[in-house]
Number of protein chains: 2
Amino acid sequence: MEAKRATVRDMRRRNRAVLLSRLYHDGPSSRQELTGVTGLSAASVSNLVGEMLEQGLVEEAGAVDSDGGRPRTLLRVRPGYAYVVGVDVGETRVRVELFDLAMTGLAKADHPIESARPAPETVVRHILAGLDAVTAAAGIAPDALLGVGVGVPGVVEQGASAVVHAQTLGWEGVPLEAMLRAGTGASLYFDNGAKTLGRAEMWFGAGRGARHVVVALVGSGVGAAVLTDGVSYRGVSSSASEWGHTTIVYGGRRCRCGAEGCLEAYVGAEAVLDRWRVARRGRVPGPDEESGIAALVAGAERSESAARVLEETAGYLGAGIANLINLFNPERIVLGGWAGLALGDVLLPRIREVAAAHALRHPYGQASIELCRLGPDAVSVGAATLPVAKLLADGGSR
Amino acid sequence: MEAKRATVRDMRRRNRAVLLSRLYHDGPSSRQELTGVTGLSAASVSNLVGEMLEQGLVEEAGAVDSDGGRPRTLLRVRPGYAYVVGVDVGETRVRVELFDLAMTGLAKADHPIESARPAPETVVRHILAGLDAVTAAAGIAPDALLGVGVGVPGVVEQGASAVVHAQTLGWEGVPLEAMLRAGTGASLYFDNGAKTLGRAEMWFGAGRGARHVVVALVGSGVGAAVLTDGVSYRGVSSSASEWGHTTIVYGGRRCRCGAEGCLEAYVGAEAVLDRWRVARRGRVPGPDEESGIAALVAGAERSESAARVLEETAGYLGAGIANLINLFNPERIVLGGWAGLALGDVLLPRIREVAAAHALRHPYGQASIELCRLGPDAVSVGAATLPVAKLLADGGSR
DNA sequence: GCACTTTCGTCACCCGCTGAAATAAGGGAT
DNA sequence: ATCCCTTATTTCAGCGGGTGACGAAAGTGC
């Protein structure tokens, strides 16, 4: 609807973006290949690539000899052209990680969070300290830092300046961008941690090559990221895909959000353990949720209560996934999160069955259901892809 | 991700599209205004508009005098530049309607469908006959017909040639596009009827001016259309937003799709009446579903069973709408469909309450819930907007 | 009728893509 | 070792298209 006008300049930016994205995502190619793939003329490819070579954005990467002609020189994005930082604000620690453009980790700094409801100022201080630490450790000059992506557990309201609402941290309208801006000159990007993890899976994990993916994350909480053509679906205020708080059992268990029958109140780690506690009429083993879930999965063969709770969990999860399939008609559902991986490991076949029973035949037939490949640590990787995505979309202009 | 290269030609097409869309959706403007709104230079606007005037795509529409300077001449899209046809394949009749570009209805032809499971050939014959009838009635030459949009009750698989899966008609993989193509040379467009109705609401009804809208339709069946920036969300095979078959009561009532606990099995007209039948332990008044729902709504004050069924319906519907809000974070939810309008008319305040209780506070605060403005006949209008949208997106090139 | 204001059209200029031709960089045959 | 052939890349003139500057058009007010 509100498309913007185009100028001759936009055209060049766009074409640079096309070339650069192709080089970035699909590895080294020759100019020759690029002409075929992008539809640009050989002359333009040469021209654009020459410019990017000169700027140090792209570098040569050997050559492949062809049968009898001039060998093609391969090109790739130069990993050292710029560096990015990904920040994962978790519930127990703040992780700050530095990457080059190829997403090779160069330095990492973890700051534990003591309080269950940390003050925003504390988190900001941790992030800034981590930023200094990793850039110093890797010897990165400030102007070589392309940007900093931050993944937070909660809703990020994208606007002139990002504002965060994170129930689990007790944050309500925290102007995180403004607070960080006061302490650093770097470009800042913010998104929900589940979505950044989804981005990481999309670029480097189970979502590679697919156009429509929904990443479903199950941990203590439950969330999802809907990714179409590499961009994540955001509603009007970027708080879309709150899968965990969709109603799946009308009038059912009360959820910590206050509503009844939320999916999270059935398949979130806390809820699963609570259901097990009721089923076995007693305490659940293990000091924390992670060991509890591990015990549950391990106990499936011996304990009838464990088996029943797992079966029910597969049911709710399968129905929840079927809802995603019916509503978003994705090509792939990627199940992750620490609890999602632990449960999915044993329940995936059963989840697929239930989802098949609850989803419409046609969309179900289009969708495959898989597990995440990257593990929960990929939140910072995904956060760091935010500035990279911007770079690619802008054709490499800083 | 897979952005296409741009040429200097694309740029012009794009800029024409920007101007044309603006003129189409936001009414007459002067060249002057257009420069401001689109960001194009006055020179370009003049150039582009001149071209479109010459082609008859745009016409002058009077002038407004300014205080002391040359008056601006207003421009608008010329309604008679081309004509479009919208087809509504309903469960009881096929409607074919002819419009000019301004969506003024010029001729209409209805063909009743006798069988509950009509043969595709019959429907195709009706459509082709209707096409001949309306073009003949309005005296439209074949080459003035921009295209034909068809709305069908079911899933449209968009591909090289559209294929329709419509459970309610008993259609399974009907190659509707290929069948129609054999009988007409016009450009053809296909979409689900709920989505075309959503398009109509978006362009001319309750969705005007909003960027993210979800249109929720309740009739015998239940569906939704998700519209972002004027384009409807399609998944990988365009069968997205099957809202009616999302699970809302895990393990609940059996739905005609075979699964348990679908939203449609609670708030679809058939399901509502069935619940009423159980509640009052007896037959429901009226010869058909529409009068049944009308009786239910009318009986709310006298009959306790009716009041209870309505209250429950508001509950399920509110929770279903809350799910849409949580997942899509729209700016507006538009409730329609014949049953949706009848129920919404009395239940809207209650639906809003329930939705507020089930949705997360933040996304709920962003969304307003309203009723459709156009009524169920707008399916053909929405279908007819498909070729118009194409024309606008292509900047007016046929 | 004249000065002033505002809108609209024209023109030279710059940018960027393209096709054709030229050049580079090999392999294989003589 | 040289020449010819093949294939990849670069160069160059040409064309399409947006822009700013300038001037013409079309009013109002005195």
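Each chain gets a letter, A, B and so on, in the order its sequence line appears, and its residues count up from 1.
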Axis deviation across the helix from C:dG1-D:dC30 to C:dT30-D:dA1, five-pair ends, to the nearest 10°: 10°
Closest approach of B:L106 to B:D100 (non-hydrogen atoms, all atoms of both residues): CD1-N, 3.9 Å
Heavy-atom pair of closest approach, residues B:G396 and B:L57: O-CD1, 3.4 Å
A:R12 side chain to A:N47 side chain, donor-acceptor N/O pair below 3.5 angstrom: yes
Donor-acceptor side-chain pairing of A:R31 and A:T73 below 3.5 angstrom: yes
Base versus backbone protein contacts along nucleotides 9-17 of chain D [heavy-atom cut-off under 4.0 Å; B, S, -]: SBB----BS
Rounding to a whole Å, what distance do you find between [X]:[atom1] and [N]:[atom2]?
| X | N | atom1 | atom2 | result |
| --- | --- | --- | --- | --- |
| A:R14 | C:dC17 | CZ | C1' | 14 Å |
| A:R5 | D:dG18 | CZ | C1' | 9 Å |
| B:L40 | C:dT7 | CG | P | 17 Å |
| A:L48 | C:dT18 | CG | P | 9 Å |

A:S41 side chain near C:dC17 phosphate (N/O to OP1/OP2, under 4.0 Å): no
Check against side-chain contact (heavy atoms from CB on, under 4.5 Å), A:E201 and A:R208: CA-CA 7 Å; A:E201 285 289 336; A:R208 284 207 66 151; over 6 Å; no
Salt bridge (charged side-chain N to carboxylate O under 4.0 Å, His left out) assessment of A:D26 paired with A:R22: CA-CA 6 Å; A:D26 303 321; A:R22 166 80 197 184; 3.3 Å; yes
A:E33 and A:V45: CA distance, side-chain angles, deciding distance, side-chain contact (heavy atoms from CB on, under 4.5 Å) verdict: CA-CA 10 Å; A:E33 274 178 82; A:V45 171; over 6 Å; no
Sub-4.5 Å side-chain heavy-atom contact between B:E97 and B:V85: no
